[in-house]
*Asks:* 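One structure, pasted below without further comment.
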Amino acid sequence: MRVLLLGSGGREHALAQSLARSPLLSALFIAPGNPGTALFGTNIALDANDIPALINFAQDNQIDLVIPGPEAPLVAGIADACAQAGLLCAGPTQAAARLEGSKSFTKEICKAAGIPTASWHYFTELDAALHYIRHKEAPTPQTPLVIKADGLAAGKGVVLAASLAEAESVLQDMMAMGSLGAAGRSLVIEDYLKGEEVSLFAFCAGETATLIGAAQDHKRLNDGDTGPNTGGMGAISPPKGFDKAAQEAALDLTVRPMLREMVRRGTPFRGVIFAGLMLTKTGPFLIEYNVRFGDPEAEALLPRLTSDLLPALYALAQDKLDTTPITFSDQASVCVVMAAQGYPTAPQKGSVIQGIDTASALHDVHIFQAGTTQNASGELVVSGGRVLAVCALGNNVSEAQQRAYTAVKAIHWTGAHWRTDIGARAL
Ligand code: AMP
Ligand code: GLY
């Protein structure tokens, strides 16, 4: 099978590694990829969002399957363009990708399908939104108000406002000043949920879903879950206290009803669903859907996969679930993101990265590259905010954590920083 994988992050490096293990794979191309994906296939200098160029490449190179890593090409309609060109794509149509592309759409689906989610209101006018928050109980640091830009905002679209003044200024910025462009001109304001946050993954085709597994992201920049939100500073898999039975029950509650509703609307979902859940005292609540693997969740999850990923994705692209079960090792996985100085606001690029080979040689350690590139002298240098995902397996979280941090300490570049407590809450 000749495969075209889209994206350039740690998730795509992890996907490339898993795909390369498949005996069915004959050629792997990654657009645009990174120096890590180049270890498993051929990087193609095409933007993951340049749909016409990707379709041309796939047709010229007899690609059997297109696998989109990130959400942007899905929301832009890569699956529809593939279908038109007679190509198979393991991801949802543009209509179904609205589950990630629009927060208000997801809320409507939850309402129609009876899926537990925080109570919410949708606003297209600043005055109405301001009126609503001024007449509601004032937010506090313990019970902030959750403000969500309706559209895609690269991880910057959700603000937990801890006071009325902060909430007002967020609404002004997004709705009046257009700080997030069109994505924030309309928004959802919802109630704050308390609990443990987990990421649940499943393969979906029409009304059917098979559990992949679960992971837990660490979104805040600093230790102890403090500092600004990021794309994710680390992940563990599986999360503590969310076993397979609980994952199956959550799938019944938060994913399968959505799939039935999408079929009923004539826009069936197929692909990987990522349900962001809050495990509250009264059970799981849906925070959001993503229509793809998470990053860094994929880097934590995929090294535990013992079954073949490629036939599973190939079946999805044909609107089917593979008949072979998905299996995982019982090991724990801990993944630490090493970030560039200045991340998440203004990451500094260009520092030379040393020690990856030493770290990769450690037992049960996988180093996935994200914000890396090669400079003119062929050295590996920092090119983005999240630079590496350093992952390790172990017989338990403690062992995996020790291995991951031993690997982190073997890697150096100027300004590198990371959280020192990934997995600590699961110990
Ligand atoms: P989202 O993009 O919808 O996943 O939101 C980003 C992050 O904000 C989530 O991962 C949560 O940590 C947090 N968040 C979103 N909605 C809520 C909510 N209703 N209550 C508490 N935290 C939330
Ligand atoms: N780690 C969260 C995401 O991939 O959206």
Side-chain angles (χ1 to χ4, degrees), residues 7 9-12 14-15 68-72 74-75 97 99-107 110 115-121 139-162 167 170 180 183-184 187-201 214-221 225-237 239 254 272-282 284-302 335-337 339 344 368 370 385-386 389 422:
R11 166 183 50 211
E12 286 72 32
L15 283 166
E71 63 278 14
L74 291 165
V75 173
L99 288 169
E100 176 157 4
S102 165
K103 300 281 188 198
S104 59
F105 178 73
T106 289
K107 288 294 197 180
C110 285
I115 295 167
T117 189
S119 65
W120 59 285
H121 292 268
T140 66
Q142 288 73 40
T143 51
L145 201 57
V146 183
I147 301 174
K148 300 186 170 183
D150 194 34
L152 284 188
K156 299 188 175 74
V158 176
V159 179
L160 306 186
V170 170
L180 298 175
L187 46 77
V188 167
I189 301 179
E190 66 180 50
D191 288 346
Y192 181 71
L193 296 168
K194 254 203 192 73
E196 197 69 21
E197 198 177 337
V198 295
S199 307
L200 181 70
F201 297 89
Q216 186 166 45
D217 196 1
H218 294 59
K219 292 205 187 232
R220 301 298 197 97
L221 182 66
D225 296 318
T226 58
N229 257 330
T230 69
M233 292 300 291
I236 63 166
S237 174
T254 64
V272 174
I273 197 80
F274 161 173
L277 305 178
M278 192 69 87
L279 305 180
T280 74
K281 271 191 212 143
T282 57
F285 274 58
L286 187 92
I287 296 176
E288 63 161 351
Y289 294 118
N290 296 307
V291 298
R292 46 156 179 98
F293 277 111
D295 191 344
E297 287 95 331
E299 294 95 304
L301 202 56
L302 291 173
C335 170
V336 180
V337 169
F368 299 115
R386 290 190 293 174
I422 303 302

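All residue numbers refer to positions in the sequence shown, counting from 1. Both counts, for ligands and for their atoms, begin at 1 and track the order of listing.
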*Asks:* So, 4.0 Å and heavy atoms of G294: is ligand 2 close enough to count as a contact?
*Replies:* yes
*Asks:* Considering only heavy atoms of D217, which atoms of ligand 2 have at least one such atom less than 4.0 Å away?
*Replies:*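 Here the atoms of ligand 2 in question are 1 (N), 2 (C).
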*Asks:* Compare every heavy atom of L152 with every heavy atom of A183, then report the nearest pair and how far apart it is.
*Replies:* CB-O, 3.3 Å
*Asks:* A339: what forms a side chain to side chain contact (heavy atoms under 4.5 Å, CB included) with it, not counting sequence neighbours?
*Replies:* M233, Y343, H417
*Asks:* Which residues pass the side chain to side chain contact (heavy atoms under 4.5 Å, CB included) test with A97, not counting sequence neighbours?
*Replies:* L74, V75, P92, V291
*Asks:* Salt bridge or not between E288 and K148? Use side-chain N to carboxylate O under 4.0 Å.
*Replies:*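 Salt bridge absent between E288 and K148.
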*Asks:* What part of E100, side chain, backbone, both or neither, has a heavy atom within less than 4.0 angstrom of ligand 2?
*Replies:*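 Neither; nothing of E100 gets under 4.0 Å from ligand 2.
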*Asks:* Restricting to non-hydrogen atoms, name the atom on A149 and the atom on K103 that form the minimum distance, rounded to 0.1 Å.
*Replies:*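 Heavy-atom minimum between the residues: O-CG, 3.3 Å.
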*Asks:* Heavy-atom cut-off of under 4.0 Å around ligand 1: list whichever protein residues fall inside it, by chain and number.
*Replies:*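 Under the 4.0 Å cut-off, ligand 1 touches K103, A118, V146, K148, V158, E190, D191, Y192, L193, E197, K219, M278, I287, E288.
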*Asks:* Just to be sure I read this right, does ligand 2 sit under 4.0 Å from the backbone of R11, its side chain, both, or neither, counting only heavy atoms?
*Replies:* neither
*Asks:* I want to know if ligand 2 touches K219 in the polar sense, i.e. an N/O pair below 3.5 angstrom.
*Replies:* no
*Asks:* Do any heavy atoms of A298 fall under 4.0 Å from ligand 2?
*Replies:*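 Distance cut 4.0 Å: A298 fails for ligand 2.
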*Asks:* Regarding D150 and S104, do their side chains bring together a donor and an acceptor under 3.5 Å, going by distance alone?
*Replies:* yes
*Asks:* Test of understanding: given a 4.0 Å heavy-atom threshold, classify the contact between F293 and ligand 2 as side chain, backbone, both, or neither.
*Replies:* neither
*Asks:* Looking at residues at least two apart in the chain, or sitting in another chain, which of them share a side chain to side chain contact (heavy atoms under 4.5 Å, CB included) with A118?
*Replies:*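 Applying side chain to side chain contact (heavy atoms under 4.5 Å, CB included) to A118 gives K107, E190, L193.
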*Asks:* Please report the closest heavy-atom contact between A14 and A298, naming both atoms and the distance.
*Replies:*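 Between these two residues, the closest heavy atoms are CB-O, 4.2 Å.
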*Asks:* C335 and E299: which non-hydrogen atoms are nearest, and at how many Å?
*Replies:*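 C335 and E299 have their closest heavy atoms at SG-CB, 3.9 Å.
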